[in-house]
Amino acid sequence: MAAVTPSFADRLLNWFDRHGRKDLPWQQDINPYRVWVSEIMLQQTQVNTVIPYYLAFMKSFPTAQRLARAPIDQVLHHWAGLGYYARARNLHKAAQFVVDELGGEFPDTVEEMEKLPGVGKSTAGAIISIAFKKRAPILDGNVKRVLARHRAIAGWPGEAATLKALWEASEATTPKKRPAAYSQAIMDLGATLCTRSKPDCDHCPVAEDCIAKAEGTQANFPGKKPKKALPVKAVQMLIIEAPGQQILLEQRPAQGIWGGLWSLPEVAIEESAEDAALQRFGVESKSKTMPVLRHTFSHYHLDIHPIHLKLASVPAQIMEGDQRLWYNSPSTPEVGLAAPVQKLLKQLIKK
DNA sequence: AAATCGGGGGA
DNA sequence: TCCCCAGATTT
């Protein structure tokens, strides 16, 4: 008789029994309160970071009653350094809810557990399965990665359709037996073997039928968050040109973009360029709008609206100084130009 | 420097 | 329903 490959869940459980972590603080003296606190702490924070915080927290607040009665400041004090401080506020509120409204008994269904502030579907599933030993699928970041790879579920989990497919996969793979061990097993697999980069497929109990492994596309799952379109800012730049193709430049402040480089005078997009030229430089000239030049930074696009003002003579009132010079004048020093300014000047001066 | 992480809250 | 946010860690 041909050997039959055990189910996904059985292979995970078997692996967890032999290699999984079973000595973590919240895996001892298991009760709903201890599991709940651990799951909240683990939401955005890794195991090794959480351990000392968890131990100190449990020492100060060993029960939901003790937590509920503690001042919020004391709770926040225990959270300092963990980040996402709303978690601590929600934890405190939820403890008060459990103590004051539920007689100190934690809900024992996913639906009821989700009513606690700070507890969503995945955290509820983790608490129900681990503390109450009832079957409940979970979908934290580790589980998303394991399932997305194993079943080659494409797309970024932030998209509703991808998230739905992942929940369906979690629902489909979660067994009835040993709910607590299974939840910990699949999270542990994601945390220790099926890691974001360099997954250790050689030791993975479910590598045999992992689609991403077969195709060598582990790095493609889960799909990445699409880079959001960069915000677009716009600015006018004055090209004040005097005879001899001399162009007025200003030095930028040392801080900020193009710090210390030389650039064209800027005018806010909503202002009149001609008015600004008159007010700031005392020059009066009809302006000519040039095509918009888009310059892209790491964090935004800058649409530069060049405004060309041609002067009949070099105005006496514009003096060169520390932060002002006529580019192309006989004495132009070697200066660093902002990249788009260099481009603009090149266009202008060659013709 | 960029990506990541689960849930809350506002558009 | 979609989008943004919180904050520290990892890559």
Side-chain angles (χ1 to χ4, degrees), chain A residues 26 35-54 56-57 72 75-98 107 110-130 136-149 153 155-167 169-170 183-184 186-200 218-232 256-257 259 296-300:
Chain A
W26 44 90
V35 172
W36 168 60
V37 172
S38 75
E39 288 301 327
I40 300 298
M41 283 192 174
L42 289 164
Q43 273 173 358
Q44 281 91 349
T45 314
Q46 301 209 158
V47 165
N48 286 333
T49 309
V50 164
I51 289 173
Y53 284 89
Y54 183 81
F57 197 94
I72 181 63
V75 180
L76 286 169
H77 175 72
H78 279 75
W79 215 267
L82 265 185
Y84 288 94
Y85 301 96
R87 291 185 293 171
R89 297 180 188 282
N90 285 148
L91 203 64
H92 191 231
K93 268 190 236 162
Q96 293 175 338
F97 178 74
V98 169
V110 168
E111 294 70 35
E112 292 300 309
M113 186 70 72
E114 272 191 84
K115 293 179 182 169
L116 301 189
V119 178
K121 187 177 177 187
S122 182
T123 302
I127 302 169
I128 293 299
S129 59
I130 295 170
I138 60 174
L139 194 63
D140 76 347
N142 291 310
V143 178
K144 284 174 187 168
R145 194 166 52 251
V146 170
L147 294 176
R149 283 175 176 164
I153 296 170
W156 176 54
E159 288 160 13
T162 307
L163 192 65
K164 182 164 176 279
L166 288 169
W167 269 114
S170 179
S183 286
Q184 293 173 87
I186 190 165
M187 287 192 286
D188 220 27
L189 185 80
T192 62
L193 294 188
C194 195
T195 50
R196 199 146 42 103
S197 55
K198 296 190 211 155
D200 185 1
Q218 295 95 323
N220 297 353
F221 302 95
K224 293 189 194 322
K225 174 179 183 160
K227 302 207 197 310
K228 65 173 174 193
L230 297 179
V232 178
I257 64 166
T296 300
F297 294 98
S298 59
H299 49 311
Y300 63 91

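Residue numbers begin at 1 in each chain, while the letters A, B, ... track the order of the sequences.
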Report task. Name the residue closer to the 5' end of DNA chain C, choosing between A:G81 and A:S197 according to the nucleotide with the nearest heavy atom. Result -> A:G81
Query raised in the report: If you look at every heavy atom in A:E114 and A:A124, which pair is closest and at what distance?
Result: CG-CB, 3.8 Å
Requested in this report: Return the value, rounded to whole Å, for the distance between atom CG of A:L139 and atom C1' of B:dC5.
Outcome: 12 Å
**Report entry** Rounded distance in Å between the P positions of C:dT11 and B:dG6
**Finding:** 16 Å
Report task. Report yes if at least one side-chain N or O of A:R145 is closer than 4.0 Å to OP1 or OP2 of B:dC5; otherwise report no. Result -> yes
Report task. Would you kindly give the CD1-to-P distance between A:I127 and B:dG6, to the nearest whole Å? Result -> 14 Å
Report task. Provide, to the nearest angstrom, the distance between the NZ atom belonging to A:K224 and the C1' atom belonging to B:dA3. Result -> 8 Å
Query - Closest approach of A:G118 to A:I40 (non-hydrogen atoms, all atoms of both residues) - result: O-CD1, 3.5 Å
Query raised in the report: Roughly how far, to the nearest 0.5 Å, is the CD atom of A:Q43 from the OG atom of A:S122?
Result: 8.5 Å
Query raised in the report: Atom CD1 in A:I51, atom OG1 in A:T45: separation rounded to 0.5 Å?
Result: 12.5 Å
Requested in this report: Measure the distance from OH on A:Y53 to C1' on C:dG7 and round it to the nearest whole Å.
Outcome: 12 Å
Query raised in the report: How would you label the contact of A:G158 with the nucleic acid (heavy atoms, under 4.0 Å): base, sugar-phosphate, or nothing?
Result: nothing
Report task. Send over the distance from A:L163 CG to B:dG6 C1', rounded to a whole Å. Result -> 11 Å
Query raised in the report: Is there a side-chain polar atom (N or O) of A:K144 under 4.0 Å from OP1 or OP2 of B:dG6?
Result: yes
Query raised in the report: Whole-Å distance between C:dC2 C1' and A:W156 CH2?
Result: 10 Å
Query - Phosphate OP1/OP2 of B:dG7: any A:T123 side-chain N/O under 4.0 Å - result: yes
Report summary line: Closest of B:dG6, B:dT4, C:dT11 to the A:D140 side chain is B:dG6
**Report entry** Identity of whatever pairs with B:dG6 - Watson-Crick or G-U, under 3.5 angstrom
**Finding:** none
Query raised in the report: Which part of the nucleic acid does A:R89 contact within heavy-atom distance under 4.0 Å: base, sugar-phosphate only, or nothing?
Result: nothing
Query raised in the report: Between A:A86 and A:A160, who's closer to the 5' end of DNA chain C by nearest nucleotide?
Result: A:A160
Report task. May I ask you to verify whether the side chain of A:Q43 and the base of B:dG7 hold a donor-acceptor pair under 3.5 Å? Result -> no
Requested in this report: Rounded to the nearest 0.5 Å, what's the gap from CG on A:L189 to CG on A:N142? Could you check?
Outcome: 9.0 Å
Query raised in the report: At under 4.0 Å between heavy atoms, what does A:R196 touch on the DNA or RNA strands: base, sugar-phosphate, or nothing?
Result: sugar-phosphate
Requested in this report: Could you give the distance separating C:dG7 and B:dG10 at their P atoms, to the nearest angstrom?
Outcome: 16 Å
Query - P atoms of B:dA11 and C:dA6, separation to the nearest Å - result: 15 Å
**Report entry** Most 5' of A:Y84 and A:V119 on DNA chain B, judged by nearest nucleotide
**Finding:** A:Y84
Query raised in the report: Rounded to the Å, how far apart are A:Q46 CD and B:dA3 C1'?
Result: 13 Å
Report task. Quickly work out the A:L82 CG to C:dA6 P distance and round it to whole Å. Result -> 18 Å
Requested in this report: Flag the pair A:L163 / A:K144 as yes when at least one side-chain heavy-atom distance between them is below 4.5 Å, and no otherwise.
Outcome: yes
